[in-house]
There are 2 protein chains.
Amino acid sequence: MKFDLLDRTPHLPSRIVNALQAEIDKGHLKPGDRLPGEQALAETFGVSRNVVREAIARLRSDGVVQSRQGIGAFVMREAASPILRIEPGTLSDRASFANVFEVRAMLEVRAAGLAAKRGTAAHRRAITAALERMRGTDKWADGGVDADLEFHRAVALATGNDYIAKVVSFVSEHMRDSIMATRRRPSARLDAIVEVTIAEHVAIHDAIMGGAAAEARAAMERHIINAAARAGIEIAADD
Amino acid sequence: MKFDLLDRTPHLPSRIVNALQAEIDKGHLKPGDRLPGEQALAETFGVSRNVVREAIARLRSDGVVQSRQGIGAFVMREAASPILRIEPGTLSDRASFANVFEVRAMLEVRAAGLAAKRGTAAHRRAITAALERMRGTDKWADGGVDADLEFHRAVALATGNDYIAKVVSFVSEHMRDSIMATRRRPSARLDAIVEVTIAEHVAIHDAIMGGAAAEARAAMERHIINAAARAGIEIAADD
DNA sequence: TACTGTCCTAATGTCCTACAACCTAAATAA
DNA sequence: TTATTTAGGTTGTAGGACATTAGGACAGTA
């Protein structure tokens with residue numbers, strides 16, 4: 001079996017992981033197939049068995065393969081993995097940002113409605129606190145982005161659905177990149193952007209506090225569409 | 001520093017991982033703190049450095065710690081993790097199932113609409129193929145559940161948004177448990193359930209093939225609400 | 001004092017060998 | 001044929017060695 005090492009990070013195990021994952025993605029290694037032995041892989045890649053072992057340990061920890069002592073490592077069926085991993089940096093182009101925004105729109109618009117309907121007093125306090133933190137930071141110099149993401153996490157938590165909260169938390173992390181991209185845009189008048197952004201969050205906040213589900217959904221949808229626009233991305237309104 | 005080894009799996013690295021993770025969860029190791037050196041950990045746990053290295057490699061791969069050559073391994077801040085991990089089995093009660101169904105409704109209803117609007121010919125062929133596989137299996141004896149999940153994945157892929165597809169794939173895995181729970185319900189007339197389920201999928205399929213976005217969304221929403229009902233769970237229709 | 005360059009130490013990263021634990025399958029014995 | 005043993009291969013663990021990198025101590029210099 002041949003492997004491509006087009007990666008060039010100085011970290012050897014990562015290169016092995018990528019190479020093996022690529023083989024699986026390309027279908028050269030199908031579920032149920034047995035990987036070459038560690039010794040064989042070590043010779044193929046020109047590294048020691050330790051490095052190969054660390055690479056396979058990562059794949060195993062990701063649920064991609066399962067290794068059994070005395071036999072070998074086997075590719076698992078594709079979707080059996082209990083984890084969802086998307087490496088930071090893989091979401092860098094506009095198309096990827098648009099994809100993330102689309103998922104945000106799906107999840108968070110409804111989440112805002114549910115938060116207005118079902119949020120407890122404690123949940124609402126957390127939302128208000130996050131909003132205050134956003135207001136308190138100076139032009140997002142320091143923790144402004146964190147406060148922003150915290151706000152969205154708090155809204156997701158207010159749905160009372162932990163599963164939503166986890167997924168939204170996960171997706172939020174990928175917003176960091178696009179937020180940074182917004183700040184780097186040439187025409188970005190930072191203070192104006194911050195002001196508008198906070199106003200949008202206030203609208204969401206007030207709707208949730210008032211228990212107005214439809215209004216909260218609308219406010220969240222406006223916010224996400226506008227945020228996308230500020231990042232230079234056009235996404236369609238939900239029809 | 002003291003560590004508890006209450007775990008007793010025969011896999012040493014897993015025990016180290018759990019012990020270290022417990023220290024972090026309990027707050028004995030806070031973000032920014034430096035872990036003891038590999039040599040020290042090896043002596044503490046009474047294992048070789050190889051085992052410690054594999055444990056730390058897993059924590060690093062999960063984004064829990066970051067290790068720098070020449071210095072040590074440091075606990076990262078909590079939310080920077082690039083992965084979403086939900087261990088199978090943690091979703092077992094009705095409340096958890098309801099949560100998962102709620103997320104499904106958020107994501108897949110819209111995804112069905114997008115699939116109808118944007119799905120390519122290849123995407124549609126995949127959807128049809130999955131539906132045929134569902135029809136072909138005998139009372140879901142063998143691969144019926146797989147075919148069901150494959151159908152939903154194919155719909156998600158047809159949105160043209162890989163990010164949606166990944167998230168839906170992830171969520172789908174958690175459906176397996178609830179589907180199994182449905183099959184165990186006492187009143188479950190299996191053949192009738194299968195027949196109805198397939199009919200619902202046909203409706204989704206036909207709407208997507210016809211490019212009818214609103215119809216596809218409605219069909220998907222009906223399907224998810226009914227599927228939840230079959231699992232004994234009541235979820236509210238989207239208003 | 002402040003700065004600079006060197007040396008030393010410690011930590012991770014990689015390599016190597018050896019053995020233990022485990023599995024498969026062929027060879028062998030009853 | 002059937003059961004047992006044996007041989008070989010594979011992952012898991014142990015332990016030592018060196019490479020590479022980072023940071024501190026310390027002298028020397030302006």
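None of these values were measured; they are calculated from a predicted model.
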Looking at every heavy atom in both A/Ala165 and A/Ala156, which two are closest together, and how far apart are they?
CA-CB, 3.8 Å
Using a strict cut-off of less than 4.0 Å between a Lys/Arg side-chain nitrogen and an Asp/Glu carboxylate oxygen, indicate whether A/Glu23 and A/Lys30 qualify as a salt bridge.
no
Could you tell me if B/Ser67 and B/Arg60 have a donor-acceptor pair between their side chains, going purely by distance under 3.5 Å?
yes
Side-chain donor-acceptor pair present, B/His201, B/Asp148, cut-off under 3.5 Å:
yes
Heavy-atom nearest nucleotide on DNA chain C for A/Ile71 versus B/Ala73: which residue maps closer to 5'?
B/Ala73
Do [X] and [N] share a donor-acceptor pair, side chain to base, under 3.5 Å?
X	N	answer
A/Asn50	C/dG13	no
A/Arg34	D/dT11	no
B/Gln69	D/dA22	no

Would you indicate, yes or no, if [N] has its OP1 or OP2 atom less than 4.0 angstrom from a side-chain nitrogen or oxygen of [X]?
X	N	answer
A/Ser48	C/dC15	yes
A/Arg49	C/dA18	no
B/Ser67	C/dA11	no

Nearest whole Å is fine: how far is [N] [atom2] from [X] [atom1]?
X	N	atom1	atom2	value
A/Leu41	D/dG12	CG	P	13 Å
B/Ile16	D/dG12	CD1	P	15 Å
A/Gln39	D/dG12	CD	P	14 Å
A/Gln66	D/dT11	CD	P	13 Å
A/Glu54	C/dT12	CD	C1'	11 Å

Between B/Gly70 and A/Arg68, just flag the one whose closest nucleotide in DNA chain D comes earlier from the 5' side.
A/Arg68
